[in-house]
Protein chains: 2
Amino acid sequence: MVTRERPTLEAVARRAGVSRATVSRVVNGSTTVATAIREAVHQAVEELGYVPNQAARSLVTQRTESIALILPESASRVFSDDMFFPAVIRGVSTELEAADKQLVLMMAGSAASHDRVERYAMAGHVDGVMFASMHGADPLPGALARLGIPVVCSGRPLTPSEAAVPYVDVDHFGGVTTAVEHLLTSGRRRVATIAGPQDMVAGIDRLNGYRATVDRAGMGTLIAVGDFTRESGVRAMGELLSTDPTLDAVFVASDMMAHGALQTLRRAGRRVPEDVAVIGFDDVEISRLSDPPLTTVRQPIVEMGGTMARLMLGLVRGRSDATSAVVLPTELVVRASA
Amino acid sequence: MVTRERPTLEAVARRAGVSRATVSRVVNGSTTVATAIREAVHQAVEELGYVPNQAARSLVTQRTESIALILPESASRVFSDDMFFPAVIRGVSTELEAADKQLVLMMAGSAASHDRVERYAMAGHVDGVMFASMHGADPLPGALARLGIPVVCSGRPLTPSEAAVPYVDVDHFGGVTTAVEHLLTSGRRRVATIAGPQDMVAGIDRLNGYRATVDRAGMGTLIAVGDFTRESGVRAMGELLSTDPTLDAVFVASDMMAHGALQTLRRAGRRVPEDVAVIGFDDVEISRLSDPPLTTVRQPIVEMGGTMARLMLGLVRGRSDATSAVVLPTELVVRASA
DNA sequence: ATGAAAGCGCTAACAC
DNA sequence: GTGTTAGCGCTTTCAT
């Protein structure tokens, strides 16, 4: 393995018979360079296989041309079956690629890795940090923002507002409202819900949407709480049935939990949608294939990632709309389960 | 957003009343510093919130403490349902985390992003590059290796050997052999295969294993080629059935394709395993849940990622066993389909 | 339009 | 043990 020395600006300059400054100008696309010289430089670059040293460049420009996306989960959770993070990543990476920025993906499931992320960002490794779907009130986004590092979150941060960071989220509340109203207008009288974890915005907002809509209709609430997993859906549905066997509809805060609920209903001998109508949330792929196919609320995850990336690019370029928020619309997808 | 200046070594040195060199020593954990001074420095670091500038550090050390993992696929493919890449990432990230190296994940599905990866690595952004499961004979690993950048591949590279890079792979050949022999010894007389894409090592090796084993048993081969997706499995199984309706067993080169094959067999009125035995490869999660549960070959993907990361760490530390190869064992998991 | 020169913040010899 | 000093490779005024 021949560790051939990498050529430097200096080497290119010598070869082209010009100064380092000129080479730098050419490499960075300055227009104020004579065409003949520019070509000579380009040729020298080619012949030597010159590639600028990013560390040296960053040292003076204070920029790295790369942006971090923090996934505050362990690797196993990030790549679980709900495809949420993959979709976010897709949206982000498409957008950053177009801007020629490098995406640095970081998993921060543990406290230790959480620290590492902080150090990494503070060491100037990246020009900005995006967070995907945080748990609880994570202080990190605010902390980084306070240090002057551009930060954007996907999912409204639960942090006390002192250091408000820009974010993009989907309209959980509106989606749930539509879903529950769909159940009510189709004649359901006893609409329960299986809520998500109450330390996440998605869990909180969806439960609030349910409460508000059921209240407005003058109906009583019936609530069980899960953690967005299929297993928790199985269990929560069991609880609901034993609390009130007369329920005739359930709004479930995630499709994975809804699948669990379907299983419990089947085992309890309830027909869907004849006896009990079910609506989920997320529109994950398998919801089309479940039995029966799931009526659900679709949220534009890929677009959310793209929007987050665009916000970030704006911040990095200094067009800081400081604290802005974007909320993307959700949509009820009606299938056989309700 | 107050872009508070980041404190430098110099600032810490002044505050602690020592030289920059001493601060550097303390920060880097040198033992040759008097305890009193070390504590004074630590305190100054604390008070100022000092974090070393990575660009400056890299410029002189020529190291970045981060390592890239290249996924030569688009984001959508990387996070598709077969969970292959997620498992690799899990193995890699666990290992790197233990070594306190930062993992930089890069998707390189398009030609353009392929270029960007090359520039990124050559710009000294990372200390080493790992490749996960390449298509065809990608010249990039060899090219980077020739430039003196440590490279490790998961999946034996298909590149002509001139620039042999170290790699880790699973024992496709052995796994397939065991699978096909299982079919033969259980009395199957006409064993077909659905092969994977022939521009990938996994596709090639698994087909070779099938050929060799069937040949050795003096049986004839029967081959259809897919691309590892479920849909291609559906189609390929159809082809096989129409080519030879008397087949009584299929070795399918991936579980996803095997699921497709099961569907086609069901529709064709063939019972599994009574009429046709089916064995897949990969042991993806849903294979346990399919109808019937799939007999398959398990490959240790997470471990492969971990091993790859360990090889890389060795190279980066200069313990270059230069060109080494590791092949991990596979294992037949017998369920109801064969 | 081009070159000279001054750092960016840090580490690593080398002196003391 | 600790301080002094010389760069790492690049961009960017400031002259010319």
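These numbers come from the heavy atoms of this one structure, side chains and all, not from hydrogens, waters or symmetry mates. Naming convention: chains lettered A, B, ... in sequence-line order (proteins, then strands); numbering from 1 in each chain.
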Inset, instruction - Kindly point out which of D/dG7, C/dG3, D/dT11 is positioned nearest to the side chain of A/V18? - result: C/dG3
Inset, instruction - First locate atom OG of A/S93, then atom NZ of A/K101, and finally report the distance between them rounded to the nearest 0.5 Å. - result: 15.5 Å
Inset, instruction - For B/D127 and B/I67, indicate whether the former's side chain and the latter's backbone hold a donor-acceptor pair under 3.5 Å. - result: no
Inset, instruction - For C/dT11, take OP1 and OP2 only and decide whether either is under 4.0 Å from a side-chain N or O of B/S24. - result: yes
Legend entry - Contact nearer the 5' end of DNA chain C, comparing B/R25 with B/Y50: B/Y50
Legend entry - Given D/dT11, D/dG9, D/dT2, the nucleotide with the shortest approach to the side chain of B/T32: D/dT2
Legend entry - Spacing of B/Q54 atom CD relative to C/dC8 atom P, expressed in whole Å: 19 Å
Inset, instruction - Rounded to the nearest angstrom, tell me the gap between atom CZ in A/R63 and atom P in D/dC10. - result: 16 Å
Legend entry - Of the listed nucleotides D/dT4, D/dT12, C/dG9, the one nearest the side chain of B/S19: D/dT4
Inset, instruction - Name the nucleic acid region contacted by B/A34, choosing base, sugar-phosphate or nothing; use a 4.0 angstrom heavy-atom cut-off, strictly under. - result: sugar-phosphate
Inset, instruction - Check for a donor-acceptor pair, side chain of A/S58 on one end and backbone N or O of A/R63 on the other, with a separation under 3.5 Å. - result: yes
Legend entry - Separation of D/dC10 P from A/R6 CZ (nearest whole Å): 11 Å
Legend entry - Proximity to the side chain of A/R20 - top-ranked nucleotide from D/dC10, C/dC10, C/dA4: D/dC10
Legend entry - Nucleotide nearest B/L59 when distance is taken to its side chain, options C/dC10, C/dG9, C/dG3: C/dG9
Inset, instruction - Could you state the atom-to-atom distance from CD of B/Q62 to C1' of C/dA12 in whole Å? - result: 13 Å
Inset, instruction - Figure out the CZ/C1' separation between B/R14 and D/dG3, and round it to whole Å. - result: 16 Å
Inset, instruction - Could you work out which one of C/dC10, C/dT2, C/dA12 sits closest to the side chain of B/A56? - result: C/dC10
Legend entry - d(CD, B/E10; C1', C/dT11) in whole Å: 14 Å
Inset, instruction - Please state how far atom CG in A/N28 lies from atom P in D/dG9, giving the value in whole angstrom units. - result: 17 Å
Inset, instruction - Could you work out which one of C/dG3, D/dG9, C/dA12 sits closest to the side chain of A/N53? - result: D/dG9
Inset, instruction - Please state how far atom NE2 in B/H125 lies from atom C1' in D/dG9, giving the value in whole angstrom units. - result: 14 Å
Inset, instruction - Ignoring hydrogens and angles, tell me if any N or O in the side chain of A/S24 forms a donor-acceptor pair with the backbone of A/R20 under 3.5 Å. - result: no
Legend entry - Closest to side chain of B/V33, choosing from D/dT2, C/dG9, C/dA6: D/dT2
Legend entry - Any B/T61 side-chain N or O less than 4.0 Å from OP1/OP2 of C/dT11: no
Legend entry - Distance-only polar pair, side chains of B/Q43 and B/E39, donor-acceptor under 3.5 Å: no
